[in-house]
Amino acid sequence: MTLFLLRRLLQTVNVLFIMSLLVFVGIYAVGNPLDMLVDPQATRADVARVAAALGLDQPVWVQYGRFLANALRGDLGNSFLHGTPALQLILQRLPATLELAVSALLIAVLLGIPLGLWAGLRPDSASGKTIMAGSILGFSLPTFWVGLMLIMVFSVYLGWLPSGGRGPTREVLGMHWSLLGAEGWRHVLLPALNLALFKLALVIRLTQSGTREALLQDYVRFARAKGLAPRRIVGVHVLKNIMIPVITVVGLEFGTLIAFSVVTESIFAWPGIGKLLLDSITLLDRPVVVAYLLLIVLIYTLISLVVDVLYAALDPRVRLAGGQAA
Amino acid sequence: MSTPAAQDLQTLLRVERLTTRFRTRGGDVTAVNELSFELAAGEILGLVGESGSGKSMTGYSLLDLVDPPGYIAGGSVRLRGRELRGLPAKDWQALRGDRIAMIFQDPMLTLNPVLRIDTQMVETVLAHRRLTRAEALHRAHAALVRVGIPAAGERLRSYPHQLSGGMRQRVAIAIALLNEPDLIIADEPTTALDVTIQAQILYEMQTLCREAGAGLIWITHDLSVVAGLADRVCVMYAGRIVEQGSTAQVLESPAHPYTRGLLDSTPAAALARGHRRGEALRPIPGAAPPLAALPAGCAFHPRCARADEQCLPPPPQAEPASGQRALCWHPLPPGAALSGPAASLEAP
């Protein structure tokens, strides 16, 4: 287990390094941030002064070397635009995105698994077919359109829920959280539903196909031959087997929920990191983009670590690589 | 008084005209066709047939475990005189694993891979008995010891993948024995195992059933297994029992040409019957017919050397000896010599 964690840590450091290099070079190739930052009317001397201040007068490898040296000390640089540390800028907005992503994940799992089970147990019933048809809609309707429709129906016509923002926040551990109050939940409901729709469809389909497959297995027939109640056969024998693929996919999808909820955040004016990333890319605010992507890599690594541990806990045949041989 | 019910009390299982069909696009297909047989307590019945003869489906039908599109179309199954056909699902659930247990063919697939052995055993006890978990665990341990599993306590905490195929099948047998059932249906439980393990398990099953007085239906395609194990034998062909009788009757003087054909194509049995070593075995010509397109009359007649025009209407039940029955127009006379050379058996 220790060896497994150590190996994972090493891999993560590798990925972080490669990621930073790619982003650094990529943004350098896209354009010169000075064009965006400095008033076109500014004199050559002014431009040179700004360039020197930001370190942009140096060749790119020197810039990268400086970044790397600073990064090893935990300093990912200041935003070109705001002048404040890039990491701080991101962390300020991270809670909003985390709240949105976790809510969406909860919706996808808590609705998706029961619906998928139901559809898998009764594939030929009207309800089962309706669920599966609905999941196709979840896959194919574009997120932005569904978001707009949700706002139209629930905010404009019915007036039940707010159309944007995240409501009042409360500070805990130096970060601002909105889900600590009822008003926050009212605000998160629509964007979370919007963000969850695609994942919900995915979880339904995974659970449904897993259930149908598991029901054909000998161990289910044997469980019936043992005289177990249907509730136990489905709730223990089937569910535990289908949770293995579901956990894997859901874990990885959680990463994309955090990293790429840009569309939903834009529609619902959700002050998360997605919006920040978009702005930073437009303005070639390199430190923020680099810091953002490094953070996402970290989050992904963490999630896949949790998935692997859960996987080993669920499936006794899996032993974490690097652990003792079973 | 000798009412039918009183007779049924001595008979553990009485199956009458049990029929199982499958709904297909081309109409219903009969997989189990008017099966009738009886089983006494403590008796071992061998149910023999080729793959596709309906022997496994017979096992599932007895437990009401036929999955759609299959369904039980008719007949009667009585356990200790109690009619089981038409019982509500709740009653079946109470019967399965308690009064009737089943063991499946492939031990690699019958145990749930993600649940520990103790979980899978304890749940079987608790489904039928009001016991504490500790008591159930104690029972599970005893059952593992009974089927000859060493270090049973340790095995209880294992997952199926940590056990060998033979061990897993022993666990499955232990699960079947947990609630001391009246009837055990074993569907080729040793086919996937080494011969040495097979012999051990056969011996153990025989002993366990004799001790517990449980009836055992052993489904197999292997006549040599039946020879050493069963008291009585039913031979199935195309969904029907074509011959039944005591093991000695059926194996030593078969009346049905199909049984004879099976014996002649089994190396050990053929040798015992005077077949010379090195001489070619005589396989039954042709292949078992698809259930959807059974020949008229006796389903075996296109492959049968004794067949003539008379075999086109459904065959009668011949009774060549007391307790031995064969579904045939031209049963073999008792003690007949080996059938003619293979060439003359060529099907048209």
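Residue numbering restarts at 1 for every chain, and letters A, B, ... go by the order of the sequence lines.
- Ranked by non-hydrogen atom pairs under 4.5 Å with chain B, the options A:K240, A:R232, A:Q217, A:H237 are led by A:H237.
- For a residue to count as touching a neighbouring chain, one of its non-hydrogen atoms must lie under 4.5 Å from one of that chain's; by this rule B:A172 touches chain A with backbone and side chain alike.
- Taken from CZ in A:R317 to OH in B:Y159, the straight-line distance is 11.0 Å, to the nearest 0.5 Å.
- Distance check, rounded to the nearest 0.5 Å: CD of B:Q93 to CD1 of A:I233 gives 7.0 Å.
- Going from atom CG of A:L215 over to atom CG of B:D67 covers 9.0 Å, rounded to the nearest 0.5 Å.
- The minimum heavy-atom distance linking B:H161 with A:P316 is given by the pair CE1-O, 3.2 Å.
- With respect to A:R224 and B:D64, no salt bridge is recorded, no charged nitrogen being found less than 4.0 Å from a carboxylate O.
- Here the straight-line distance linking atom CG of A:D218 with atom CG of B:N112 works out to 11.5 Å at 0.5 Å rounding.
- Taking B:I100, B:L115, B:L63 one by one and counting their heavy-atom pairs under 4.5 Å with chain A, the maximum is reached by B:L115.
- Listed here is the closest heavy atom pair of A:F222 and B:M102: CE1-O, 3.3 Å.
- Looking at A:L314, only its backbone comes within 4.5 Å of chain B, counting heavy atoms on both sides.
- Interface remark: B:L65 contributes backbone and side-chain atoms alike to the contact with chain A (heavy atom separation under 4.5 Å).
- A salt bridge does not link B:D98 with A:K226: every distance from a Lys NZ or Arg NE/NH1/NH2 to an Asp or Glu carboxylate oxygen is 4.0 Å or more.
- With a 6.0 Å radius and a threshold of 12 heavy atoms from other residues, nucleotides or ligands, A:E213 has its CD atom at or below the threshold.
- Closest heavy-atom contact between B:A127 and A:G227: CB-O, 3.8 Å.
- Around atom CH2 of A:W118, no more than 12 heavy atoms belonging to other residues, nucleotides or ligands sit under 6.0 Å away.
- For B:I175, the part sitting under 4.5 Å from any heavy atom of chain A is the side chain, from C-beta outward, and nothing else.
- For a residue to count as touching a neighbouring chain, one of its non-hydrogen atoms must lie under 4.5 Å from one of that chain's; by this rule B:Q120 touches chain A with backbone and side chain alike.
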